[in-house]
Amino acid sequence: MSEKLFKSTRGNQKPLNFYEAILQGIANDGGLLVPDFNVDQKDLNALLNMNYVDMATEIISTFTPNDVKEDIRGLCQSAYGNGLFPESVVPVEKAGDVYIAELFQGPTAAFKDMALSLLPYFMTFSLKKRGEKREVMILAATSGDTGKAALEGFKDVEGTCIKVFYPVDGVSPIQKQQMITQTGKNVDIIGIHGNFDDAQSAVKVAFNSDELKELCLEHNVFLSSANSINIGRLIPQIVYYFYSYLTLVKTNEIKMGEAVNFTIPSGNFGNCLAGYFAKLMGLPVKKFIVASNKNNILTDFFNTGEYNANREFYKTNAPAMDILVSSNLERLVYILCQDSAKVKTFMDQLNETGIYKVDEDLYNTVKDNFKAGWLTEEKVLAAVKNCYEETGYLLDTHTAIGYGVYKEYQDESQDETKTIILSTASPYKFPESVLEALTGETLNEFDAIDALHEKTNVVVPTPLQGIKDREILHKKVIDKADIIQFIGEQIKEM
Ligand SMILES: *Cc1c(COP(=O)(O)O)cnc(C)c1O
């Protein structure tokens, strides 16, 4: 087989191998990297009885050079098999007539751990394979959960340092506390006056800044990304689609080969896109149901084919989904049309006017695979309450959006396909809203953890225990306009 290469959605980047793709993070023409090869169809029967590490090895090595499969197994073992996750890694629970795949059992209690526990190992492995002597500076923009998961993944990893930018008023108090109390010699956490989109676009600009490129050269540094613009974030996320499906086969909830739906609480669209990859690799999926909050740009896209970013940005009770620029949609559009000139035109239109609309053919494929809906904040709280009262299962606000949107879809469509909802966070990551949903009571987030535990007896994840009392180590806050300059200064210090 010829070498597996990754190319840019916008067509103007020399194709890169796996290691180069991981280290570079984003294409140098501003596009995103996608596989330049047909992904293998996986044999579901062969995967059926594998544990998470072995299944991850099979799926992930689809994207890596053929001769490193056993190395990949070692990396997966370090990420998922070393006690940071429970034995099953992704438990699948039943709540009424839906299944909940718990992606939040890792070190930071949110689904970002699924990929960010592995990405640092991909990076160090790639550095070694490339004989790279430069230091990597990881830049991450976060709406709250990526930041902490990336920090946990990269802290004290040799050859790397990490800078996390978060909207100072746009993350929950628990998310903020998790980040600003982060330990590690190579970590930096910076609040910005601005929202997630501002942070993400500044980071994208940084990658393409000539000034920073020059500084990097002088100081023997290169920049990479821990956001889901890095293909190394996406690949590990394909695994749990197979794993949760096969868990249902093993427990006789579905028959092998039976199609299921997945419902995905979405923001930057990385999670859902990984599911589409799983489908391309042979997983029987009928519909992906894309769930959003009041920042419902994805709902409108899937319902009309038009992506229109000219709209107000709302801060909601599901802050990890408060996003108007869903980067990974660019990858989906590319994969569906396989035409980088067209993608580039769309993205230029998006930059210039804030809008693009895909053509009829492309939109028809989109409609065949994806459904979408959104919930108001009141409905989010109602979904938490209804699910808890009707099934006894406690959802966080993001997953509740998946639940509520799915219930509306089920009513409208009469689709009886079994459905897996991906749970993206522990309810204790957003306890204030969850408690309010159940009792109408509003407490500060830290007290809400205790109150919620008292009321529901659901176990508080270890990473969130005692979080209130940790020492604050990071207090820096800068203006969004100063991010590039800040990064420049940091490079000079290396
Ligand atoms: C990041 C995040 C999402 C959105 O996931 P995307 O891959 O960006 O679509 C949803 N819920 C939670 C809790 C998250 O942290």
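Whatever order the structure lists ligands and atoms in, that order sets their numbers, starting from 1. Residue numbers start at 1 and run along the sequence shown.
In this structure, Ala110 falls outside the shell of residues with a heavy atom less than 4.0 angstrom from ligand 1.
When the heavy atoms of Asp145, Leu422, Leu103, Asn227 are ranked by distance to atom 13 (C) of ligand 1, first place goes to Asp145.
For atom 8 (O) of ligand 1, the closest heavy atom belonging to the protein is Asn268 N, 2.7 Å. When hydrogens are left out, the protein atom nearest atom 4 (C) of ligand 1 is Gly267 N, 3.5 Å; that is the closest non-hydrogen contact. Atom 12 (C) of ligand 1 has Thr424 OG1, 3.4 Å as its closest protein atom, hydrogens excluded (heavy atom only).
Under the 6.0 Å cut-off for aromatic ring centres, His398 and Phe111 do not qualify, their centroids lying 6.0 Å or more apart. Annotation: Tyr393 is not in aromatic contact with Tyr403 [ring centroid separation under 6.0 Å not met]. The six-membered or imidazole ring of Phe18 lies near that of Phe122, with a centre-to-centre distance under 6.0 Å. Between Phe302 and Phe269, the ring center distance clears the sub-6.0 Å criterion.
Every atom of ligand 1 with a heavy atom of Phe269 under 4.0 Å away is listed here by number and element: 6 (P), 8 (O), 9 (O). Remark: ligand 1 atoms within the under-4.0 Å shell around heavy atoms of Ala425 are 13 (C). Listed by atom number, the atoms of ligand 1 under 4.0 Å from Pro265 heavy atoms are 4 (C), 10 (C). Proximity to Met321 (heavy-atom distance under 4.0 Å) selects the following atoms of ligand 1: 10 (C).
Here Lys429 pairs with Asp145 in a salt bridge; the nearest charged N to carboxylate O distance falls below 4.0 Å. Salt-bridge formation is not detected for the pair Asp411/Lys407: no Lys NZ or Arg NE/NH1/NH2 atom is positioned less than 4.0 Å from an Asp or Glu carboxylate oxygen.
For ligand 1, the polar-atom distance check against Asn271 finds a nitrogen or oxygen pair separated by under 3.5 Å. Ligand 1 has no N or O atom lying under 3.5 Å from any N or O atom of Phe430, backbone or side chain. Considering backbone and side-chain atoms together, Ile323 places no N or O closer than 3.5 Å to any N or O of ligand 1. Taking any N or O of Lys112, backbone or side chain, at least one lies under 3.5 Å from an N or O belonging to ligand 1. The N/O atoms of Gly270, backbone and side chain alike, include one that comes under 3.5 Å of an N/O atom in ligand 1.
With hydrogens and angles ignored, the 3.5 Å screen pairs no side-chain donor or acceptor of Thr146 with any backbone N or O of Thr142.
In this structure, the side chains of Glu306 and Asp300 stay at 4.5 Å or more apart for every pair of heavy atoms.
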Fill in: Trace of the salt bridge (Lys or Arg N to Asp or Glu O under 4.0 Å) decision for Arg10 with Asp29
CA-CA 7 Å; Arg10 302 191 195 172; Asp29 61 358; 5.8 Å; no
